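Since the model is a prediction, treat every value here as computed from it, not as a measurement. Keep in mind that the numbers below use all heavy atoms, side chains included, and drop hydrogens, waters and symmetry copies.
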Amino acid sequence: MSFLTQIPPVGQALVAGLFTWAVTALGSGMVFFFKEINKKVLNAMLGFAAGVMVAASFWSLLAPAIEMAEDGPLPAWVPAVVGFLGGGAFLLLVDHIMPHIHFGTNHEEGIHTSWRRSVLLVLAITFHNIPEGLAVGVAFGGLASGNEYVTMAGAISLALGIGLQNFPEGAAVSIPLRRENMSRRKAFMYGQFSGMVEPISAVIGAAAVVFIDPILPYALAFAAGAMVYVVAEELIPESRLGHDGEGDIATIGVMVGFAVMMLLDVALG
């Protein structure tokens, strides 16, 4: 990704967002080879995604936010706490407004609608891809500030980590839709569509911090809070639905995902 240094931060965020979307589409393409996905495998995938997002929230977002706030007028913890809770509060609000339904349940959340179950399932995944895109965008947008705590290597490692967990995530969307008798092509289209919000939210996040530099620590923490909310609200609970004593598989997935993201961030950042 060395060519990224030749384009502006917002353009870098767009390229990174397109990359994470492409990996989602690649994972969704697994529907052309499989109609079923083993519940244990799905739980491990969801656990892995949760581990990556938790690690990314700290190593790539909260830690830099705290470090750069140390030179500011307020105590270093203020931007991190305010931004983190703000990210969670924003997702909580969206969760109560946007109609969606989680895998493994029949309970609709958000504003009541007559939309089909398949659409509501995809909206649930799309909903939690928004903070992933924002995180990538804020990381690349922060490069414009010249702050020593925000580096190209760190932003790239974050994009790689998000992309890595998007592959099983794409499969976890499209294959269950195929199991509900949706055509392979349509299940693939729905699956990759869930990742389409990532390049859009990446550009929004990058543009926000490029044009309003002082909000960078808050924006990093905001993205972290939003991602942790998704992990606590969706990924971990869904990874343990119907586990029948196999909950350790999801837990191992979380540990492996965290370790992989930590490795990427420390090794590259």
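Met261 is not connected to Val254 by any chain of hydrophobic side-chain contacts under 4.5 Å among Ile, Leu, Val, Met, Phe, Trp and Tyr, and they are in different clusters. In the hydrophobic cluster analysis, where Ile, Leu, Val, Met, Phe, Trp and Tyr join through side-chain heavy atoms closer than 4.5 angstrom, Leu263 is grouped apart from Leu160.
Atom CG of Leu61 is separated from atom CZ of Phe222 by 12.0 Å, given to the nearest 0.5 angstrom. Annotation: the span from Asn129 atom CG to Thr20 atom OG1 amounts to 8.0 Å, rounded to 0.5 Å. Between atom CG of residue Leu46 and atom CD1 of residue Ile236 there is a gap of 10.5 Å, rounded to the nearest 0.5 Å. We find the CD-OG1 distance between Gln165 and Thr24 to be 8.0 Å, quoted to the nearest 0.5 Å. Taking NZ of Lys40 as the reference point, atom CG of Asp248 lies at 11.0 Å (rounded to 0.5 Å). Ile200 CD1 to Leu18 CG: the interatomic distance, rounded to the nearest 0.5 Å, is 9.5 Å.
Contacts of Trp21 classified as side chain to side chain donor-acceptor pair (under 3.5 Å), with partners at least two apart in sequence or in another chain: Gln192. Shown here are the ring-ring contact (aromatic ring centres under 6.0 Å, His included) partners of Phe58, two or more places apart in sequence or in another chain: there are none.
The two residues Ala135 and Leu158 make their nearest non-hydrogen contact at O-CD2, 3.5 Å. The heavy-atom pair separating Pro64 from Trp59 by the smallest distance is CD-O, 3.7 Å. Of all non-hydrogen atoms in Leu14 and Pro199, the two that sit nearest each other are CD1-CB, 4.2 Å. Val173 and Ser194 make their closest contact through CG2-OG, 4.2 Å (heavy atoms, listed as atom of the first residue, atom of the second, distance).
Side-chain atoms of Arg184 come within 3.5 Å of backbone N or O of Val31 as a donor-acceptor pair. Between the side chain of Glu169 and the backbone N or O of Ala49, no donor-acceptor pair lies under 3.5 Å. With hydrogens and angles disregarded, no donor-acceptor distance shorter than 3.5 Å links the side chain of Asn166 to the backbone of Val23. With Ser174 contributing its side chain and Gly191 its backbone, the two residues share no donor-acceptor pair below 3.5 Å.
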#### Entry: side chain to side chain contact (heavy atoms under 4.5 Å, CB included) between Val10 and Val210, intermediate numbers included
CA-CA 8 Å; Val10 175; Val210 165; 4.2 Å; yes

### Query
Which is it for Glu238 and Asn43 under the side-chain hydrogen bond (donor to acceptor under 3.5 Å, both in side chains) test, yes or no, and what are the steps along the way?
CA-CA 8 Å; Glu238 288 176 22; Asn43 288 349; over 6 Å; no

### Task
Check the pair Leu143, Met152 against side chain to side chain contact (heavy atoms under 4.5 Å, CB included), reporting the backbone distance first and the verdict last.
CA-CA 7 Å; Leu143 297 174; Met152 174 65 76; 3.7 Å; yes

### Message
The test is side chain to side chain contact (heavy atoms under 4.5 Å, CB included); show your working for Ile156 and Phe140 and say whether it passes.
### Response
CA-CA 8 Å; Ile156 290 175; Phe140 279 96; 4.2 Å; yes

### Task
List the steps and the verdict of side chain to side chain contact (heavy atoms under 4.5 Å, CB included) for Phe84 and Leu62.
CA-CA 8 Å; Phe84 184 83; Leu62 278 176; 4.0 Å; yes

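The number of heavy atoms from other shown groups lying within 6.0 Å of CZ (Phe211) does not exceed 12.
Glu198 is not listed as a side-chain neighbour of Val136, based on a closest heavy-atom distance of 4.5 Å or more. Using a 4.5 Å heavy-atom cutoff, the side chains of Leu164 and Phe48 are in contact. The closest side-chain heavy-atom distance from Tyr229 to Leu92 is below 4.5 Å. Using a 4.5 Å cut-off on side-chain heavy atoms (C-beta onward), Glu233 and Leu91 make no contact. Put simply, the side chain of Trp77 does not reach to within 4.5 Å of the side chain of Ile66, judged on heavy atoms.
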